[in-house]
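I have placed the structure first, in the form of structure tokens, so that the comments after it can refer back to it.
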Amino acid sequence: MNYGPIIFLGVFLTIASSWIGLVLIPQVQFGRQQEVKIEETGEIYPTVRPGLAQQGMEIYKANGCIYCHSQQVRPEGYGADIARNWGQRRTVSRDYLHDNPVMLGTMRTGPDLSNIGVRQTSVLWHLQHLYNPQITSKGSIMPPFRFLFEKRKAGDKPSPDALALPKEFAPEPGSEIVPKPEARALVQYLLSLKANAPLPEAR
Amino acid sequence: MSATSPSILQALSPSDTEDVAQRRALLAEIDASCRGTLMLFFGAALVWLLIGTVFALIASWKMHSPDFLADIPWLTFGRVRPAHLNAVVFGFASEAAIAVTLWLICRLCRAPLMHGWVVNIAGVFWNIGVAIGIGGILAGHSTAIEWLEIPGYATPLLFVSYALIAIWGIITFRFRREKHLYVSQWYLLAALFWFPWLYSAAQILLIMEPVRGVVQATVNWWFAHNVLGLWFTPIGIGAIYYFIPKVLGIPVYKYSLSVIGFWSLALFYNWNGMHHLVGGPLPAWLITVSIVASVMMTIPVVTVGLNHHFTMWGSFHKLKDSPVLRFMVFGGMSYTVTSLHGVLLALRSVSEVTHFTHSTIAHAHQGMYAFFTMVMFGAIYYIVPRIIQVEWPSARLISIHFWASAIGIMLYIVPLIIGGTLQGVAMINPDVPFLDPNKYSVVTMTVPYLRVRSVSGFIILVGHLAFATSFIWIVARWIKAARQHQPTPIVSNV
């Protein structure tokens, strides 16, 4: 093997093969997948996220939630995703049509979030959990995202925006914790995570 | 390396010694031509290594003590972690890889690095690109695509700098005086060609004009696995192929194994990536193809392993005298172990347990650190004294570096693979709660292992500080010697 061009040709062909196989063919096979009409409900699925949830996705991206939370449910009988109530069905490619980037994730330091909008529907729960995970999930190793909240001087009575907190987590009297727009957007994004439409291909 | 052997007359005549002198002069010329460029890349790599290590420690500490530095947005776990990855991958490892590659190409081609200033400029811009990228990640501009977190405004700079470097490497190859191609050169040339293809394809399809839906995941893992498989691995293997025989002064065990090892790596490694998506929302054929390719990786791993280890066979006593050899052999053995472990992790039944757990993280560090980084350390210890003609000031510091890195990384990998696997066993058992502070639960059972990981990080940091001290010290001596115009004679036994 003393002939440079042969090595280059081999090196070119090998990478070209996987580029075709793992990039081009998937793009041809399911790169132009479309929404479908769900028979049971008559709704089009998946829908584009509303603006505030879309902004929330940027917060999710920026703070690297993906490094501890996956967004994919493995099929029944493979792992315990469904038994743990992380979804009623496996996730399929159509679930991700409007996600950019697609944040499947590779780590479950925390639970899967494909259906967190189904499991936890309360805005208050999410805000408290983001402010300090110990409030809702004692023993959690998730970092608190207090920087998505601000401490304000409280007026005579608590403002309607103030976050209700249990006593041991509440700030000193005279001040209150108010979620910043980022926190509210992030919660809307989390509430929008629902991969539960009864798709025929996911049965 | 020359094919024609000298006649008896030539061997007896004094012209033979002239030939040796000529060869020495050529080597000196080659080393001198690389000097500035290599020192720039090694120095910058060291700085990124230290920055990356600090990020790593912060991230690791946060995992068991989530309140640590919690109120600084740019130091939240989800930003520090990718900052660590990009600092060590694109700052440290890639720059060390580029420098080692350029030097090996020059040495093996018997051609000096021409117009090194072009590579220097590319190097400066590469570093600016990495700095902007990591600043961007900390500021919250991450793309949230694993291994490609650097925001789109910094990546063109990285790509252009890299392309320039790769072109320079290939030009040097074109001007080679040595017609024989050594096995290391195959790997190095392939890596120089593969990386820009991977990087540009991933940038275009994920960041500039993103493809739709889960095709993004296939492109992502095609890229991310190939950064290891087609960029770092070939350079690591190529370096081991050069340094172990070089230090021992004996040829590689078998040429035929080298050929099989190279082509099977080229053929199979680039198809591996989808094993990161087992159970995911993708067609079964895609994942199956990657699992098959991952199992086929046994061929290059075993052939290269046999070649490296049999070259070393019978010379293990020399590990005592040569730090370079120690780093190389540690790296080579880690390559065999980590790759066979990787084959195992790709299997569907194993992946069911280990996917989404810390055992993957441990595996990644086994490849990037126990194999690749250790090989780069060894190469730096060999190359630097030769290009600047100054001896390493302290053997003890090198020894501290080796042992701290070796013990530190083992203390990282072994407990975390065990802990991660147990985490996976717990996770697929729905009777074990996911989080319960008073019971055995998926989250809480990992905490002791995460603490051990932080301890290992501090040990590794000690090694890196020893390395930094050595490097600063040798550079200081080099500057001093350059001022006095009296290079210290090199009596190297590394």
Side-chain angles (χ1 to χ4, degrees), chain A residues 1-2 4 7-8 10-12 14-15 17-19 21-23 26-27 29-33 61-67 70 72 74-75 78-80 83-84 90-93 95-97 99-104 106-111 133 137-147, chain B residues 62-64 66-67 70-71 73 76-79 81-82 140 142-146 179-181 186 189-190 193-194 197 201 210-219 222 259 263 266-267 270-271 273-274 276 279-283 286 352 356 360 427-430 434-437 443-444 447:
Chain A
M1 283 178 49
N2 283 334
I7 294 176
F8 264 108
V11 158
F12 171 83
T14 47
I15 194 173
S17 77
S18 78
W19 181 81
L22 302 181
V23 176
Q27 169 63 18
Q29 191 187 357
F30 49 92
R32 292 181 210 291
Q33 209 173 16
K61 248 174 85 176
N63 293 295
C65 306
I66 187 180
Y67 300 107
S70 59
Q72 50 177 312
R74 293 189 284 181
Y78 189 75
R84 284 194 181 279
R90 69 170 299 178
T91 51
V92 292
S93 56
D95 291 318
Y96 303 90
L97 283 189
D99 289 3
N100 187 25
V102 171
M103 292 184 275
L104 294 181
T106 50
M107 190 68 189
R108 286 175 175 170
T109 307
S137 321
K138 198 166 164 16
S140 168
I141 53 172
M142 174 167 141
F145 289 88
R146 284 187 289 262
F147 57 83
Chain B
K62 278 167 172 278
M63 276 223 117
H64 49 75
D67 256 319
D71 293 325
T76 191
F77 176 81
R79 300 192 195 179
R81 183 199 181 281
S142 160
T143 64
I145 300 170
E146 285 188 71
K179 291 302 158 206
H180 175 81
L181 283 189
W186 315 338
L189 289 172
F193 178 78
W194 280 329
W197 181 319
V211 286
R212 195 169 189 220
V214 289
V215 183
Q216 285 189 6
T218 73
V219 180
W222 171 77
V259 177
W263 287 116
L267 207 53
N270 54 0
W271 283 85
M274 303 307 121
H276 289 270
L282 294 144
L286 257 175
E352 182 182 7
F356 303 119
T360 313
M427 191 135 49
I428 64 164
N429 177 2
F434 194 80
L435 171 65
D436 189 329
V443 171
T444 50
V447 173

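A note on names: the letters A, B, ... follow the listed sequences, proteins ahead of strands, and every chain is numbered from 1.
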Hey, what do you get for [atom1] ([X]) to [atom2] ([Y]), rounding to the nearest 0.5 Å?
| X | Y | atom1 | atom2 | result |
| --- | --- | --- | --- | --- |
| A:I15 | B:W222 | CD1 | CH2 | 5.0 Å |
| A:M142 | B:M63 | CE | CE | 12.0 Å |
| B:R81 | A:I66 | CZ | CD1 | 9.0 Å |

Measure distances from [X] to the heavy atoms of chain A and classify the residue's part below 4.5 Å as side chain, backbone, both or neither.
| X | result |
| --- | --- |
| B:T76 | side chain |
| B:I145 | side chain |
| B:F193 | side chain |

Within a reach of under 6.0 Å around NZ of B:K179, are more than 12 heavy atoms found that belong to other residues, nucleotides or ligands?
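Result for NZ/B:K179: enclosed.
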Side chain, backbone, both or neither: which part of A:F12 has a heavy atom under 4.5 Å from chain B?
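For A:F12, heavy atoms of backbone and side chain both lie under 4.5 Å from chain B.
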Which of these passes side chain to side chain contact (heavy atoms under 4.5 Å, CB included) with A:L22: B:T218, B:L286, B:V215, B:N270?
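Result: among B:T218, B:L286, B:V215, B:N270, B:L286 is the only option passing the side chain to side chain contact (heavy atoms under 4.5 Å, CB included) with A:L22.
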Below 4.5 Å, heavy-atom pairs only: which of [options] has the largest tally toward chain B?
| options | result |
| --- | --- |
| A:A62, A:A80, A:S18, A:G64 | A:S18 |
| A:R84, A:R146, A:Q72 | A:R84 |
| A:Q33, A:M103, A:K61 | A:K61 |
| A:A83, A:G21, A:S137 | A:G21 |
| A:T91, A:V92, A:L97, A:N63 | A:N63 |

Could you tell me which of B:P73, B:A144, B:P430, B:P437 has the largest number of non-hydrogen atom pairs under 4.5 Å with chain A?
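When all of B:P73, B:A144, B:P430, B:P437 are compared, B:P73 has the most.
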Just by distance, do the side chain of A:R90 and the backbone of B:G280 share a donor-acceptor pair under 3.5 Å?
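Yes, because the side chain of A:R90 sits within donor-acceptor range (under 3.5 Å) of the backbone of B:G280.
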Using modelled atom types and a 3.5 Å cut-off, is there a donor and acceptor pairing between side-chain atoms of B:R212 and backbone atoms of A:D99?
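Not confirmed, B:R212 side chain does not pair with A:D99 backbone.
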With the side chain counted from C-beta on, respond yes when [X] and [Y] share a heavy-atom pair under 4.5 Å apart, and no when they do not.
| X | Y | result |
| --- | --- | --- |
| B:K62 | A:P143 | no |
| A:S140 | B:V443 | no |
| A:N100 | B:Q216 | yes |
| A:Y67 | B:E146 | yes |
| A:I7 | B:L181 | yes |

Kindly give the heavy-atom pair with the smallest separation between [X] and [Y], and that separation in Å.
| X | Y | answer |
| --- | --- | --- |
| B:A70 | A:P144 | CB-CG, 3.7 Å |
| A:T14 | B:A266 | CB-O, 3.2 Å |
| A:V11 | B:W194 | O-NE1, 3.0 Å |
| B:F434 | A:R108 | CZ-O, 3.8 Å |

